[in-house]
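Following: one structure in structure tokens, then a few remarks.
FYI, side chains are in, hydrogens and waters are out, and symmetry mates aren't considered; it's all heavy atoms of this structure. What you see is a predicted model; the values in this text were computed from it and never measured.
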Amino acid sequence: MENYEQLAMDETYDILLYNPDVSDIMKLDLIENLIGYYTEVEDYEKCKNLIELKKVMEKDNESNNKKT
């Protein structure tokens, strides 16, 4: 029997990393939830990737706010 929770989280992880059409606010909320989930299941490689993605998004957001 497959673990549907893990499959759903992995699918969400893929959407975040590879789908540019998801809004930044939604991405940040999902990133926070996924970091919690992957920390709990001890998948630290995905946590690392998500934390890096979050930092890049926040840096880009800060740059955009300074321009306006």
Side-chain angles (χ1 to χ4, degrees):
M1 181 176 206
E2 295 187 47
N3 182 342
Y4 291 107
E5 179 182 32
Q6 183 174 359
L7 290 173
M9 293 300 194
D10 287 344
E11 187 67 26
T12 304
Y13 174 85
D14 290 340
I15 289 168
L16 278 172
L17 292 181
Y18 306 114
N19 186 343
D21 296 332
V22 178
S23 75
D24 287 346
I25 293 170
M26 183 181 287
K27 278 187 178 183
L28 289 171
D29 287 343
L30 289 171
I31 287 170
E32 287 297 321
N33 290 329
L34 286 171
I35 289 171
Y37 172 77
Y38 286 122
T39 299
E40 189 175 307
V41 298
E42 299 179 356
D43 191 339
Y44 300 118
E45 183 66 28
K46 288 183 180 173
C47 285
K48 179 181 145 260
N49 294 338
L50 289 165
I51 290 168
E52 288 175 6
L53 175 62
K54 182 180 174 186
K55 287 179 183 178
V56 168
M57 289 180 67
E58 288 173 343
K59 184 178 178 182
D60 288 346
N61 190 30
E62 286 175 10
S63 296
N64 289 337
N65 286 341
K66 288 180 183 178
K67 289 178 185 177
T68 57

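With rounding to the nearest 0.5 Å, the separation of CG in L30 from CD1 in I35 is 11.0 Å. Atom OG1 of T39 and atom CG of L50 lie 9.0 Å apart (nearest 0.5 Å). The distance from atom CG of L7 to atom OG1 of T12, rounded to the nearest 0.5 Å, is 10.5 Å. Atom CD1 of residue I51 and atom NZ of residue K54 lie 8.0 Å apart, to the nearest 0.5 angstrom. Distance check: M57 CE to D24 CG gives 4.0 Å after rounding to the nearest 0.5 Å. Annotation: the span from D10 atom CG to K46 atom NZ amounts to 3.5 Å, rounded to 0.5 Å.
Using a 4.5 Å cut-off on side-chain heavy atoms (C-beta onward), L53 and K27 make no contact.
Each of N3, L34, D43 was scored for a side-chain contact (heavy atoms from CB on, under 4.5 Å) with M9, with one residue passing: L34.
The two residues Y37 and Q6 make their nearest non-hydrogen contact at OH-CA, 3.2 Å.
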Practice task
Start with the C-alpha gap between E40 and Y38, add the side-chain angles, then the distance that decides, and say whether side-chain contact (heavy atoms from CB on, under 4.5 Å) holds.
Solution key: CA-CA 5 Å; E40 189 175 307; Y38 286 122; over 6 Å; no
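Linking ILVMFWY side-chain heavy atoms closer than 4.5 Å, directly or via other members, places Y18 and L16 in a single hydrophobic cluster.
Salt-bridge check for K55 with E52: failed, with every basic side-chain N at 4.0 Å or more from each acidic carboxylate O.
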